[in-house]
Amino acid sequence: MKKYFYYACFTILTLILSLIVHALLEMLALNLIINNLELYGESWLWQNWVEAHTIFSSVLWLFGLGFGLWGGSHFWRRIYIEKRFGEPRW
């Protein structure tokens, strides 16, 4: 039971981190486009913003989910099975 809780917490952590990365990159891109609208107003990215946003956010969510599941199993093995960092306290 503790193992699956650890996996779930690690996966939620990476999903939150992917959401933060997504927000920062989107704010950067929108700030760049809006401040230089005469240069980027006719660009592919601005014309297809909804599609690019959907694809990019889906990739980030999948990456966050995959990395969370991998990281949960990897660090569970390192901490609780191999006991590399000492004996767990609980």
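Note: hydrogens, waters and symmetry copies are ignored here, and every other heavy atom, side chains too, is used.
A donor-acceptor pair is defined here as one N or O able to donate and one able to accept, closer than 3.5 Å; no such pair exists between the side chain of E82 and the backbone of W76. Checking side-chain atoms of N31 against main-chain N and O of M27 turns up no donor-acceptor pair under 3.5 Å.
Note that the CG atom of L25 and the OG atom of S57 stand 12.0 Å from one another [nearest 0.5 Å].
For E42, the CD atom is loosely surrounded, since the number of other residues' heavy atoms within 6.0 Å does not exceed 12.
Under a hydrophobic-cluster definition in which Ile, Leu, Val, Met, Phe, Trp and Tyr are linked whenever side-chain heavy atoms come within less than 4.5 Å, directly or via other members, I12 and L19 are assigned to different clusters. When the side chains of ILVMFWY residues are joined at heavy-atom separations under 4.5 Å, either directly or via intervening members, I81 and Y6 end up in a single hydrophobic cluster. Using a 4.5 Å cut-off between side-chain heavy atoms of Ile, Leu, Val, Met, Phe, Trp and Tyr, with links allowed through other members, L45 and L39 fall into the same hydrophobic cluster. A continuous path of hydrophobic side-chain contacts links I79 to Y7 [ILVMFWY only; heavy atoms under 4.5 Å].
The heavy-atom pair separating T14 from T11 by the smallest distance is OG1-O, 2.9 Å.
Side-chain contact between L32 and L28 is absent, with no heavy atoms from C-beta onward closer than 4.5 Å. With a 4.5 Å cut-off on side-chain heavy atoms, Y80 and K2 count as touching.
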Only distances under 3.5 Å count here; give the side-chain donor-acceptor pairs of residues 63-75 to other protein atoms, sequence neighbours excluded, each with its distance to 0.1 Å.
unit_1: S73; atom_1: OG; unit_2: L69; atom_2: O; d: 3.4
unit_1: S73; atom_1: OG; unit_2: W70; atom_2: O; d: 3.0
unit_1: H74; atom_1: ND1; unit_2: R77; atom_2: NH2; d: 3.3

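Applying the ring-ring contact (aromatic ring centres under 6.0 Å, His included) rule to pairs touching residues 29-53 yields H22-H53, sequence neighbours excluded.
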